[in-house]
Chemist: 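Sharing a structure below in structure tokens format, with a few things to ask.
Numbering starts at 1 and runs along the sequence shown.
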Amino acid sequence: MNADVAVENTSAIALWNDPTAPVSARVDALIDAMTLEEKTAQLFGVWVGASDEGGEVAPHQHEMEEPVDLDALLPTGLGQLTRPFGTLPVDPALGALSLARTQARIAATNRFGIPALAHDECLAGFAAWGATAYPVPLSWGATFDPTLVRAMAEAIGRDMRSVGVHQGLAPVLDVVRDARWGRVEETIGEDPYLVGTIGTAYVQGLESAGIVATLKHFAGYSASRAGRNLAPTSMGPRERADVLLPPFEMAIREGGARSVMNAYTDTDGVPSAADEALLTGLLRDTWDFDGTVVADYFAIAFLKTLHGVAADWADAAGTALRAGIDVELPNVKTYGAPLTEAVADGRVPEALVDRAVRRVLTQKVALLLLDPDWNPLPAALDATDEDDPSALRGRIDLDGPANRALARTLAEQAIVLLSNDGTLPLDRPRRIALIGPNADEPTAVLGCYSFPQHIGVRHPDTPLGIELPTLRETLAAEFPDAEITYARGTGVDDGDLSGLAEATRLAREADVTLVVLGDRAGLFGRGTSGEGCDVATLALPGAQQPLLDALLDVETPVVTVLMAGRPYALGRGVGESAAIVQSFFPGEEGTRAIAGVLAGRVNPSGRLPVSVPRGPGSQPGTYLGAPLAHASEVSSIDPTPAFAFGHGLSYTRFEWTDLAVEAQEAPTDGEFALSLTVCNTGERSGTEVVQLYLHDPVASVVQPVQRLVGYSRLALEPREARRLRITIPADLASFTGRDGRRVVEPGELELRLSASSADPRLTARVTLTGAERHVDHTRRLHATILQEPTT
């Protein structure tokens, strides 16, 4: 297939197809030659599903949209193809052929030969049938390992490119403010520095594979009232600037993200999709972002239907375009005929259309989609494959051994050992009672945006496409000499108590009880975690707490294992469980990783990216709070968590010693230098995570008690020690002052070297001197942490 299209009245190559010409010149020439209808056609997508027979894609019929007439749209062009792989189960090779054939048709039908940009979801792996299901982002945060997350993202990006996809709708950079929100599983954690560093690593990996990374949701989605999806956001400008925006700032500046997606929510009455100060003033004018802003699905139409700030579709289109949204997704509703008519009659300036289409076409040029040798077939296919599509089935493997090994490493590093009285690792138990709704459920390891849970549930007769061993199966392999008895006990959320008697009977007869609790991921109420699956409290769903309590009443030691999308209050389980193992939807290799931790084959090294509450009703609350957000005598509610942000145990021990501070004072434009020694004093290799928190006791505005400003993973052999040398720029002490500008103030600080937000090990008291200093988005964002072996 060759998508070259002859250009009218041109004997030589058209300027926009000339790869030797400057990008801006190519784009300007193309815009000058386009009609208004051809320009607006580049500003919307069409939701499609690839064919499992290799034929062209078919428009997807969505309950929120009327059918799209693809034949009528294509002569003027098409901006994007929405989720060709993430809509229906399709063999990857046949899907790639289907997409390539459609791209050839799109390019051949419009007079400039412009193909569409194809995007898909990739929140926890490429959301395609048969693709690797990696741990969810909350597990990425638990690893505290940006290097590993970058490697995962690069693998995801390579798989997407291999089948012809250009853009991935990830990562989610929302900072958790209320764990009752259903989309907590999609986030990286409750701290902006952790979210920023892990999220930026993901962006770097995806972009390095040639995929356009899309940051979402910009900005404020996770701060909705009471954790309700799409609810209004009550948030002052300082909280927005200091908590919610830094991850986006970092991912754009250091990650090179080429796309941003707006948030659904409104902040103080202004929907993000209509917020010109946010999408243009801050994002572009201040941060110099030059990529595309794409609408979250249906968000432009929501300006009329949900927010009530637009009178009709044309008004919604003009409002969003003026604010800075370049592309309407997933389908055309407002940026098609309504926008064209509004421009024609003078309600919307054509200059706004030109501004958006320039960004879209610049990106397409950068993706080589307008080059004369562009070929819609991805590298995994060739022209002969078109002759016999049936022979392609199984040609492309999106879940190969390298992917699975990476998924397993991530899962192992993300598991958090919350408590342990010495029961773990299990020492050759003779009889194990395995109880709980997630003990023998294959999909218990998957998040809402995994293909099996997002799309596969609508196709129950289609195989899952990936191997998903249950914990029951992996425990049998891990403990071949043990007798494992099993009882479901209760469902995830059915409230059924009839199985408690059998569960307790098995527990009495066992040497140890493993109770496996947690969530079922789903969409809009079809699960206990996931988009639209918000909860009123953080009590375990259904009858899981009564099940846990009944097992705790038995004398057999109980190890509580969680496969969940959010942290839950465990009631008596906190103090009475022999051990607690926390995982956050650990992906297709998750049960093997959990079994490895239980057996001791894997030494746990995960750290909590979100606090685990002590009670179910103390939300919203994170560690990142001012003094009055924590326990005090002025309130009868104690929000102190059962397990704090950053907490996690190991099967070995670590000693932190010899703190040295090079200078107690530094100017407000200077830096501090610290060093300390960390030694593995135990009998087996293990990994410690050193966390650096900053405490500012006196500031011009109320500050969090402490906030994370750095961290480092140290893998140490028994008796091995390493010296950490840490350089901390004064810029890390900056915050948004009373005048709305970011400021570094002189005064005393505490630099806390901690094993968690509740476990400081060494503290350096230092002082910033000199004049108050204002900084901006070019400030230094990181401490430098170097690891040196000791002699």
Side-chain angles (χ1 to χ4, degrees), residues 1 3 17 19 23 26-27 45 50 79-86 92-93 95-97 99-100 102-104 106-107 114-128 131-132 134 146-147 149-171 199-216 251-261 289-292 294 326-327 359-382 396-400 402-403 406:
M1 285 178 283
N17 296 127
V23 172
R26 296 172 68 180
V27 171
Q80 293 221 6
L81 288 168
T82 293
R83 292 176 66 174
F85 290 88
L97 178 60
L99 176 58
T102 303
Q103 288 281 40
I106 292 169
I114 308 172
L117 188 152
H119 77 258
D120 243 300
E121 300 283 359
C122 56
L123 185 76
F126 182 18
T132 304
Y134 292 94
T147 301
V149 171
R150 175 171 177 156
M152 174 197 67
E154 188 172 355
I156 293 169
R158 286 195 301 267
D159 286 342
M160 298 177 81
R161 287 292 291 177
S162 75
V163 294
V165 175
H166 308 103
Q167 180 173 4
L169 302 188
T200 296
Y202 182 91
V203 170
Q204 290 168 340
L206 207 62
E207 290 281 355
S208 72
I211 294 292
V212 175
T214 304
L215 313 180
K216 56 188 191 182
I252 289 169
R253 177 176 157 190
E254 299 182 350
R258 288 181 282 173
S259 187
V260 170
M261 176 180 278
F289 175 70
D290 61 1
T292 56
V294 300
D326 302 312
V327 181
R359 294 164 181 162
V360 169
L361 293 175
T362 297
Q363 200 157 85
K364 288 191 174 184
V365 169
L367 290 166
L368 310 181
L369 300 184
L370 273 71
D371 284 8
D373 61 351
W374 171 77
N375 189 326
L377 280 172
L381 305 180
D382 59 48
I396 296 175
D397 185 1
L398 299 178
D399 188 34
N403 280 13
L406 189 54

Chemist: Measure across C122 and L206 and return the closest heavy-atom pair with its distance rounded to 0.1 Å.
Modeler: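 What the structure gives for the nearest pair is SG-CD2, 4.0 Å.
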
Chemist: Mind checking salt bridge (Lys or Arg N to Asp or Glu O under 4.0 Å) for R161 and listing every partner two or more places apart, or none if nothing turns up?
Modeler: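 So R161 forms no salt bridge (Lys or Arg N to Asp or Glu O under 4.0 Å) with any residue.
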
Chemist: Once you round to the nearest 0.5 Å, how far does CG of L398 lie from OG1 of T132?
Modeler: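 OG1 of T132 is found 7.5 Å from CG of L398.
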
Chemist: If you look at every heavy atom in N403 and A155, which pair is closest and at what distance?
Modeler: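 That closest heavy-atom pairing would be OD1-CB, 4.0 Å.
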
Chemist: State which residues pass salt bridge (Lys or Arg N to Asp or Glu O under 4.0 Å) with K364; sequence neighbours excluded, sorted by chain then number.
Modeler: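 With sequence neighbours excluded, K364 shows a salt bridge (Lys or Arg N to Asp or Glu O under 4.0 Å) to no residue whatsoever.
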
Chemist: Return all side-chain donor-acceptor pairs below 3.5 angstrom for residues 79-86, not counting sequence neighbours, or 'none' if the list is empty.
Modeler:
from: Q80; atom 1: OE1; to: H119; atom 2: ND1; distance (Å): 2.6
from: Q80; atom 1: NE2; to: Q167; atom 2: OE1; distance (Å): 3.1
from: T82; atom 1: OG1; to: P330; atom 2: O; distance (Å): 2.8
from: R83; atom 1: NE; to: G86; atom 2: O; distance (Å): 3.3
from: R83; atom 1: NH2; to: G86; atom 2: O; distance (Å): 2.9
from: R83; atom 1: NH2; to: H454; atom 2: NE2; distance (Å): 3.3

Chemist: Do any N or O atoms from the side chain of Q103 and from the backbone of A116 form a donor-acceptor pair under 3.5 angstrom?
Modeler: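 Yes; at least one donor-acceptor contact below 3.5 Å.
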
Chemist: At their closest point, which heavy atom of G164 faces which heavy atom of L99, and how far apart are they?
Modeler: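 Minimum heavy-atom separation between G164 and L99: O-CD2, 3.5 Å.
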
Chemist: Where is the tightest heavy-atom contact between P378 and S162, given as atom of each residue plus distance?
Modeler: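 Looking at all heavy atoms of both residues, the shortest contact is CB-O, 3.2 Å.
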
Chemist: Got a sec, which residues hit salt bridge (Lys or Arg N to Asp or Glu O under 4.0 Å) with D326, two or more places apart in sequence or on another chain?
Modeler: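 Partners of D326 by the salt bridge (Lys or Arg N to Asp or Glu O under 4.0 Å) criterion, ordered by chain and then number, come out as R284, R359.
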
Chemist: Sequence neighbours left out, what passes side-chain hydrogen bond (donor to acceptor under 3.5 Å, both in side chains) with R158? Give chain and number order.
Modeler: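 Testing R158 for side-chain hydrogen bond (donor to acceptor under 3.5 Å, both in side chains), a comparison that skips the adjacent residues, returns none.
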
Chemist: Charged N to carboxylate O under 4.0 angstrom, E254 versus R150?
Modeler: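 Looking at R150 together with E254, the answer is no, because their closest N to O distance does not fall below 4.0 Å.
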
Chemist: Using a 4.5 Å cut-off on heavy atoms from C-beta on, say whether the side chain of L370 contacts that of I114.
Modeler: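 Yes. Closest side-chain heavy atoms under 4.5 Å.
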
Chemist: Sequence neighbours left out, what passes side-chain hydrogen bond (donor to acceptor under 3.5 Å, both in side chains) with E154? Give chain and number order.
Modeler: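 E154: no side-chain hydrogen bond (donor to acceptor under 3.5 Å, both in side chains) contacts found.
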
Chemist: Just to verify, which of N17, T362, D371 counts as forming a side chain to side chain donor-acceptor pair (under 3.5 Å) with R26?
Modeler: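 Result: among N17, T362, D371, D371 is the only option passing the side chain to side chain donor-acceptor pair (under 3.5 Å) with R26.
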
Chemist: How far apart are the closest heavy atoms of Y202 and A153, and which atoms are they?
Modeler: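 So the two residues come closest at O-CB, 3.1 Å.
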
Chemist: At their closest point, which heavy atom of A100 faces which heavy atom of L377, and how far apart are they?
Modeler: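 Closest approach of A100 to L377, heavy atoms only: CB-CD2, 3.8 Å.
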
Chemist: Taking only residues two or more places apart in sequence, or in another chain, which ones meet R253 in a side-chain contact (heavy atoms from CB on, under 4.5 Å)?
Modeler: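 R253 satisfies side-chain contact (heavy atoms from CB on, under 4.5 Å) with L781 once adjacent residues are dropped.
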
Chemist: V327 versus L117: any side-chain heavy-atom pair under 4.5 Å?
Modeler: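 Answer no - side chains too far apart.
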
Chemist: Per the side chain to side chain contact (heavy atoms under 4.5 Å, CB included) rule, which among T214, V260, V360 passes with V294?
Modeler: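 For V294, the side chain to side chain contact (heavy atoms under 4.5 Å, CB included) test succeeds with only one of T214, V260, V360, which is T214.
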
Chemist: What residues, two or more places apart in sequence or in another chain, satisfy side-chain hydrogen bond (donor to acceptor under 3.5 Å, both in side chains) together with D120?
Modeler: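 Once residues adjacent in sequence are excluded, D120 has no partner under the side-chain hydrogen bond (donor to acceptor under 3.5 Å, both in side chains) criterion.
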
Chemist: Kindly write out the residues that satisfy side-chain contact (heavy atoms from CB on, under 4.5 Å) with A251, not counting sequence neighbours, or none if the list is empty.
Modeler: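 A251 satisfies side-chain contact (heavy atoms from CB on, under 4.5 Å) with L173, T200, V203, L215 once adjacent residues are dropped.
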
